[in-house]
Amino acid sequence: METRSGTPRPITRYGDPVLHRRCAPVTEFDDALAALIDDMFASMYAAEGVGLAANQIGVDARIFVVDCPDATGVHTVAHVVNPVLHLPDQRELVLDSEGCLSVPGERADLARAATASVTGFDRHGAPIRLDGTGTLARCFQHEVDHLDGLAYVDRLPARRRKKILAASEGHPGVGAGVDPDR
């Protein structure tokens with residue numbers, strides 16, 4: 001179980017360069033990494049999200065956190081450092097509504113694999129593997145996309161993406177440090 005300590009940080013908006021490039025692998029498993037993971041959880045909870053990648057708080061590092069239900073309703077609260085996404089060879093795709101803290105206020109239907117797994121490391125450098133179904137599988141795919149420099153809107157047709165991004169610009173944003181005038 002993860003702790004709920006940490007300090008919420010502002011959520012990075014779509015368009016910031018850190019969201020549009022592959023994040024750097026983590027090489028140091030130390031107190032600074034543990035503090036970052038705690039801040040990521042605090043930021044995700046403050047923004048009322050179910051997942052968050054490090055670049056969504058402006059940090060160029062391959063880490064994500066989730067607090068997300070699977071297809072049976074069981075919640076997984078976890079973090080993964082240097083995640084590698086594993087999708088089944090024979091994929092059942094599920095079309096469902098998806099949103100993003102970095103594209104606030106807007107959602108769109110997007111097909112994702114019904115099951116997914118991630119391997120990587122915990123905050124201490126121990127290897128981990130997580131298997132997901134339902135929303136948890138969607139979260140794994142969404143967060144690894146972020147770490148690879150993609151947002152869910154980048155997977156949409158150009159016209160739909162432009163419409164969502166235009167509508168999102170008028171949204172005040174989510175999480176810590178939100179400018180109420182934006």
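- Rounding to the nearest 0.5 Å places CD of E143 at 6.5 Å from CG of L52.
- Checking side-chain atoms of R155 against main-chain N and O of Y152 turns up no donor-acceptor pair under 3.5 Å.
- Side-chain atoms of H142 and E98, non-hydrogen and from C-beta on, do get closer than 4.5 Å to each other.
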Applying side chain to side chain contact (heavy atoms under 4.5 Å, CB included) to M40 and Q56, what does each step give before you reach the verdict? CA-CA 9 Å; M40 290 174 65; Q56 289 185 274; over 6 Å; no
Walk me through it: do Q141 and L110 pass the test side chain to side chain contact (heavy atoms under 4.5 Å, CB included)? CA-CA 11 Å; Q141 294 166 78; L110 184 64; over 6 Å; no
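- Counting only distance, with no hydrogens or angles, the side chain of D16 and the backbone of R13 share no donor-acceptor pair below 3.5 Å.
- Within the 3.5 Å criterion, the main-chain N or O of G58 finds no donor-acceptor partner in the side chain of N55.
- The hydrophobic clustering, which links ILVMFWY residues whose side-chain heavy atoms are closer than 4.5 Å, places Y45 and I63 together.
- Remark: the backbone N or O of A113 is not paired with any side-chain donor or acceptor of R91 at under 3.5 angstrom.
- Separating the OG atom in S102 from the NE2 atom in H146 is a distance of 5.0 Å, to the nearest 0.5 Å.
- Nearest heavy atoms, L95 versus R138: C-NH2, 4.1 Å.
- For the residue pair R160 and A108, the shortest heavy atom distance occurs at NH2-CB, 3.8 Å.
- Applying the side-chain hydrogen bond (donor to acceptor under 3.5 Å, both in side chains) test to R21 and every residue at least two apart in sequence or in another chain returns nothing.
- When atom types are taken as modelled, the side chain of N82 and the backbone of V26 share a donor-acceptor pair closer than 3.5 angstrom.
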Let's go through T115 and D131 carefully: what are the C-alpha distance in whole Å and the side-chain angles of both, what is the deciding distance for side chain to side chain contact (heavy atoms under 4.5 Å, CB included) to 0.1 Å, and is it a yes or a no? CA-CA 8 Å; T115 62; D131 299 309; over 6 Å; no
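- Judged by distance alone, with hydrogens and angles left aside, the side-chain atoms of D70 form no donor-acceptor pair with the main-chain N or O of G132 at under 3.5 Å.
- Under a 3.5 Å cut-off, the side chain of R161 and the backbone N or O of L156 do form a donor-acceptor pair.
- For C68 against C139, the heavy-atom pair with the smallest separation is SG-SG, 2.7 Å.
- H75 pairs by the ring pair (Phe, Tyr, Trp, His ring centres under 6.0 Å) definition with nothing, not counting sequence neighbours.
- When ring centroids are compared, H20 and Y14 come within the 6.0 Å threshold.
- Salt-bridge formation is detected for the pair D38/R123: a Lys NZ or Arg NE/NH1/NH2 atom is positioned less than 4.0 Å from an Asp or Glu carboxylate oxygen.
- Contact record, A78 with L130: CB-CD1, 3.7 Å, taken as the closest heavy-atom pair.
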Mind running side chain to side chain contact (heavy atoms under 4.5 Å, CB included) on D67 and V50 for me, showing each step along the way? CA-CA 5 Å; D67 184 344; V50 295; 5.8 Å; no
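- R22 contributes atom CZ, which lies 11.0 Å from atom CG of D60 (distance to the nearest 0.5 angstrom).
- Between I128 and V80, the closest side-chain pair of non-hydrogen atoms falls below 4.5 Å.
- In the hydrophobic clustering of this structure, V94 does not group with V66; members are Ile, Leu, Val, Met, Phe, Trp, Tyr whose side-chain heavy atoms approach within less than 4.5 Å, directly or through other members.
- Heavy atoms from other residues, nucleotides or ligands lying under 6.0 Å from CG of D109 number more than 12.
- Here the side chains of V74 and L136 are not in contact, with every heavy-atom distance at 4.5 Å or above.
- Relative ring orientation between F64 and F140 is described as tilted, the plane-to-plane angle lying within the 30° to 60° band.
- Formation of a donor-acceptor pair under 3.5 Å by the S168 side chain with backbone atoms of P104 is found in this model.
- Rounding to the nearest 0.5 Å gives a distance of 5.5 Å between OG1 of T12 and CG of L19.
- The side-chain heavy atoms of V84 and R129, taken from C-beta on, include no pair separated by under 4.5 Å.
- Take E106 and apply the salt bridge (charged side-chain N to carboxylate O under 4.0 Å, His left out) test, not counting sequence neighbours, and it matches no residue.
- At least one side-chain heavy atom of I57 sits less than 4.5 Å from a side-chain heavy atom of L36.
- The minimum heavy-atom distance linking S43 with T7 is given by the pair OG-O, 4.0 Å.
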